[in-house]
Protein chains: 2
Amino acid sequence: MEIITSNQNSRVKIWTSLQTAKGREQSGSYLLDGWHLVQEALNQAAPIQAIIATEAQMSAHLIDVPQGVPAFQVTEEVARHIAKTNNPQGIFAQTSLPNNSFDPKYIHSGSWLLLDEIQDPGNAGTLIRTADAAGFEGVALSAGSADPFNPKVVRAMQGSQFHLKVVKDVDLAAWIDALEENDYDVFGTTLSATSVDYKTIVPEKNFALILGNEGQGMKAELQAKTTANLHINFPGKAESLNVAVAGGILMFALN
Amino acid sequence: MEIITSNQNSRVKIWTSLQTAKGREQSGSYLLDGWHLVQEALNQAAPIQAIIATEAQMSAHLIDVPQGVPAFQVTEEVARHIAKTNNPQGIFAQTSLPNNSFDPKYIHSGSWLLLDEIQDPGNAGTLIRTADAAGFEGVALSAGSADPFNPKVVRAMQGSQFHLKVVKDVDLAAWIDALEENDYDVFGTTLSATSVDYKTIVPEKNFALILGNEGQGMKAELQAKTTANLHINFPGKAESLNVAVAGGILMFALN
């Protein structure tokens, strides 16, 4: 097994580039940080280009890495350099990005979550994790949303990208049209009490749920295209709910 | 109005100390960062010891500050020093910590959220904001939870601390005893499918809901003292839900 001790190593340069959208694009891969995520990738037979670990992590986990997966041992300092944090666990995987060419006209089953410019990486990742738990088929993120393969989103997804489809940079207007064409109900969300109280809705067929930007909400031109727009009534004085919490309440109530 | 240009100013030293638990304790106050939070404190007539703002923010908002509230103008650089961020909005309030001497034996109405070692500031703040929206009477945080007046929690609470009671460093075992003595149902939470499905519960009286640590869940010795322990069934492959999302689902279903 190759042992890498320098931050100037050409592979290390590629792994550190995975912190950026450009680096992920160029290599067609992204980074999993920590054994929990690496193990889930192995469990789900995700395409892994490299396992990278410190000596301690390698001796703990090499037995679980299938033959044929390239493994590289790195120093603690190189591990910190790759992770861009001071205390990484010390085990990573370089994993292929999923195929992002996905045409919504072929969607005929399962519920979908659509994210309209959700910008906070923690919110985006938590929403994908919650959609996974709620049994959704996939999550589509508009251009302008957080990149689902940026390290902060990957941390918050907790491996859910291996359980459901995650599609990025989509044109939500086109997705709404395609899904409605395929007999989906498409539910938008608003903060307005004049839209439909989600508690009155019992979906009887496939549906999609759209959540909007943390500050601005969902775009009005998308609201105009939906089957119905929903809101969450609440008795308290808070102005609004965190979008990931609102999404959880809606996904668990509707699905 | 006093104009402060130096980070060495004695007031500035107190305001920067509010980033730490010790500084908040010593001054009996905490910091609100940004007009949205300052305005909510003014709206709710919270006790404000100082309004601190850059020239631009002061000219925009001084008209909304009641007479008698001390106001201090600071340079952009002092504002960054106080905020400990590079791009603060440039308006702050130093606000008194709420009275933390709160005996649960006097609780006879309203629902309460109890947090057992919720450590992530974003989760703690979002849970308090969600409890506010759901119409809860208060939130009690165990010793070992995030400090609800640390700046990250304050940001995530979005002003909810002015709408409900927020009590920190509580002994949850004593709270459970006191609330049950006062005829409350106290619901714990677990990840175990052998506990009660929350969908089967329709609270008919006052209740408290306990959420546990992000990694370890709720302590077993607390689970043993509750009226019942609940879990959220889910169809998907995710291992668990984010605790703030789980809390949102439970609070909105139960209250």
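The figures that follow rest on heavy atoms only: side chains count, while hydrogens, waters and symmetry mates do not. Sequence lines set the chain letters: A, B, ... in the order given, protein chains first and strands last, and positions in each chain run from 1.
The one candidate from A:Leu241, A:Asn233, A:Val245, A:Leu250 that meets the side-chain contact (heavy atoms from CB on, under 4.5 Å) condition with B:Phe252 is A:Leu241.
At a 4.5 Å heavy-atom cutoff, the contact between B:Thr126 and chain A is made by side-chain atoms alone. Heavy atoms closer than 4.5 Å to chain B are found in the side chain of A:Ile232, but not in its backbone.
Listed options B:Pro235, B:Ala134, B:Gly135, B:Ala246 were ranked by heavy-atom pairs under 4.5 angstrom with chain A; first place goes to B:Pro235. The choice from A:Ser160, A:Ala133, A:Gly248 that makes the most heavy-atom pairs within less than 4.5 Å of chain B is A:Ala133. Most heavy-atom pairs under 4.5 Å with chain A: of the set B:Ala253, B:Gly159, B:Ser240, this distinction falls to B:Ser240.
Annotation: A:Lys152, atom NZ; neighbour count of heavy atoms from other residues, nucleotides and ligands within 6.0 Å does not exceed 12. Other residues, nucleotides and ligands place no more than 12 heavy atoms under 6.0 Å from the CD atom of A:Glu76. Within 6.0 Å of CD on B:Gln44 lie more than 12 heavy atoms contributed by other residues, nucleotides or ligands. Atom NZ of B:Lys205 is surrounded by more than 12 heavy atoms from other residues, nucleotides or ligands within 6.0 Å.
Note that CG of B:Asn242 is 8.5 Å distant from CG of A:Asn242, once rounded to the nearest 0.5 Å.
Under a 3.5 Å cut-off, the side chain of B:Arg129 and the backbone N or O of A:Glu239 do not form any donor-acceptor pair. B:Asp132 places a side-chain N or O within donor-acceptor distance of the main-chain N or O of A:Lys237, the cut-off being under 3.5 Å.
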